[in-house]
Amino acid sequence: MDSIIIRGGRRLGGEINVQGSKNSSLPILAATVLVKGISVIHNCPYLTDVDAAIEILRHLGCIVKRENHTVTVDSRFVSRYEIPDSLMREMRSSIVFLGSILGRMGQAVLSSPGGCEIGLRPIDLHLSSLRKLGFAIDETGGKISCRKQKTLTEGIISLSFPSVGATENIMLACALSGGRTVILNAAREPEISDLAAFLNSAGCRIEVGSQGTVVIDGVKRAGDCEHTVIPDRIAALTYLCAAGAAGGDILLKNVDFSDFLSVIPVFEAAGCTVQSEKNTVRLMMNDRPKAVRDIRTMPYPGFPTDAQAPVMAMVSIARGTSVIVENIFESRFKHVGELKKMGAKINVEGRVAVIDGVRSLYGAHVESPDLRGGSALVVAGLVAEGITTVGCVSHIDRGYEKIEDCLKSVGADIERQALPDS
Ligand code: EPZ
């Protein structure tokens with residue numbers, strides 16, 4: 001298991017090219033199953049979650065080639081509709097393949113994705129929506145077996161919560177169906193629009209409204225297409241947190257500033273100067289951060305839950321007390337215990353974390369509890385006095401392409417130590 005070693009105390013300066021979005025690449029790779037042709041996907045990041053999705057595509061009968069950040073998927077000969085447990089275990093968000101396999105094959109068998117480090121991750125909204133659309137779904141023995149009961153006709157699905165995954169699965173299951181499906185209270189994350197853009201480039205007809213409505217007019221066939229994945233807004237925010245904590249002046253390139261407007265006030269309240277033009281964003285910070293009183297994670301366009309952990313790392317050294325409320329996932333504070341090993345003063349009551357900023361953190365050996373918690377520990381290591389070793393880097397590699405190289409390129413004293421798997 002690799003570790004990342006950081007000697008804290010360096011200010012950051014320079015440019016980072018932000019990777020393509022993990023949370024857009026994964027549903028788009030799943031969507032290629034619907035395409036009876038060749039899909040060319042650009043700006044696809046090097047992530048272990050992307051590797052897992054590619055393995056699933058190959059298992060289903062796709063021919064997948066990768067050349068740098070371009071992934072080409074030939075899904076003309078998809079022949080399977082089952083994903084074995086071994087592949088489902090690699091990545092719980094493989095559940096997004098359910099909709100695309102159903103859309104192509106009319107049936108699907110997957111193992112239940114189960115929970116993960118940040119919560120139970122139920123899929124009741126996915127399954128109830130698919131049932132409403134006419135799929136028979138049986139959940140026994142840890143397997144989910146689905147089969148189209150009747151030709152999908154017109155349908156209106158109103159989600160009780162704007163679930164990203166449920167929205168994506170409905171889009172994928174209905175893209176090639178007969179009639180019109182309307183999703184109300186759909187997720188509004190930028191990744192939803194990017195998935196629709198990919199599908200439309202293959203000949204589908206999906207319209208994402210601005211008020212959480214998605215209209216899918218099923219088409220007979222999806223064919224050859226080419227698409228460029230949007231930038232990863234959470235990776236961008238993580239690097240901004242690094243500069244906000246360590247101080248300095250960094251420029252992020254290939255970002256869409258409009259994708260994270262709800263977090264900019266947090267950086268400004270912390271005392272950062274943030275400027276953006278075209279597809280870049282610059283953050284300057286010359287002082288210790290100030291506390292940010294009231295951060296509440298919400299569905300998009302609210303403050304993103306995926307940015308909660310790195311922002312907590314930034315405000316752990318702030319002047320004053322910050323409060324973060326995690327409204328989306330029920331156990332997404334596992335990084336708190338590790339930050340406290342570095343001297344952070346944080347109290348958690350249920351979904352509320354109270355962070356009393358300390359003047360400095362000190363280096364320690366800490367373990368990544370999950371993907372974004374791991375990135376938070378890296379941010380904390382950049383400002384801690386002395387050496388920080390972050391273990392279980394495999395969590396971080398799921399969602400960040402070469403995080404250590406990105407941070408090293410802007411002056412961080414950071415190395416990856418590859419340890420033989422024990
Ligand atoms: C996606 O997860 C992202 N993952 C998550 O990013 C992100 O945190 C989340 O959306 C919210 O933005 C990918 O896109 C691969 P949800 P998803 O369905 O689809 C509850 C990261 O770090 N819920 O919107 O699973 C659920 O329990 C990852 O990159 C139900 O109750 O998110 C949670 O509390 C982590 N029933 C809330 O909704 C359901 O059927 C949000 O879940 C589905 C969800």
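The shown structure was predicted, so the numbers you read here are calculated from the model rather than taken from an experiment. When a ligand or atom number is given, it counts from 1 through the structure's own listing order. Each residue takes its place number in the sequence, starting with 1.
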Electrostatic pair R351-E326, nearest N-O below 4.0 angstrom: no
Polar side chain donor-acceptor pair, S112 to E139, under 3.5 angstrom: no
Non-hydrogen protein atom less than 4.0 angstrom from atom 20 (C) of ligand 1: no
Any side-chain donor near an acceptor of the partner, E367 and H365, under 3.5 Å: yes
Nearest protein heavy atom with distance in Å, relative to atom 18 (O) of ligand 1: S163 OG, 2.7 Å
Under 3.5 Å side-chain donor-acceptor pair for H42 and T70: yes
F161-ligand 1 polar pair, N/O distance under 3.5 Å: no
Contacting atoms of ligand 1, where contact means under 4.0 angstrom from a heavy atom of R372: 21 (C), 22 (O), 29 (O)
Closest approach of any protein heavy atom to atom 34 (O) of ligand 1, naming residue and atom: I328 O, 2.5 Å
Pair R332 + D306: basic N to acidic O under 4.0 Å: yes
Option with minimal heavy-atom separation from atom 17 (P) of ligand 1, where the choices are R121, Q308, R398, E189: R121
Inter- and intrachain pairs under side-chain hydrogen bond (donor to acceptor under 3.5 Å, both in side chains), touching residues 43-53, at least two apart: D49-R398
Close approach, G399 and ligand 1, non-hydrogen under 4.0 angstrom: no
Best match, T297, L120, D49, V164: closest heavy atom to atom 16 (P) of ligand 1: V164
Ligand 1 atoms in contact with G165 (distance to a heavy atom under 4.0 Å): 18 (O), 19 (O)
side-chain hydrogen bond (donor to acceptor under 3.5 Å, both in side chains) assessment of H69 paired with E401: CA-CA 11 Å; H69 288 100; E401 181 177 316; 2.9 Å; yes
Minimum-distance protein heavy atom relative to atom 11 (C) of ligand 1: T305 CG2, 4.0 Å
Atom pair SG/CE of C116 and M91 - distance to nearest 0.5 Å: 12.5 Å
K22 N/O to ligand 1 N/O under 3.5 Å: yes
Min N/O separation L125 to ligand 1 under 3.5 Å: yes
Nearest option to atom 30 (C) of ligand 1, as decided by whichever heavy atom of G119, P122, S24 sits closest: P122
Under 3.5 Å: N/O of N23 near N/O of ligand 1: yes
R332 heavy atom under 4.0 Å from ligand 1: yes
Atom 32 (O) of ligand 1: the protein heavy-atom neighbour that sits closest, reported with distance to 0.1 Å: F329 CZ, 4.2 Å
No-hydrogen, no-angle side-chain donor-acceptor test under 3.5 Å, R147 and Y81: no
Nearest non-hydrogen protein atom, atom 8 (O) of ligand 1: D306 OD1, 2.6 Å
Pair E191 + R233, salt bridge at N-O below 4.0 Å: yes
Atoms of ligand 1 close to I123 [distance to a heavy atom under 4.0 angstrom, numbered from 1]: 39 (C), 40 (O)
Any residue meeting side chain to side chain donor-acceptor pair (under 3.5 Å) with E15, in chain and number order, not counting sequence neighbours: K253
H395 side chain to D370 side chain, donor-acceptor N/O pair below 3.5 angstrom: no
Contact partition for D124 relative to ligand 1, non-hydrogen atoms under 4.0 Å: both
Ligand 1 atoms in contact with I118 (distance to a heavy atom under 4.0 Å): 35 (C)
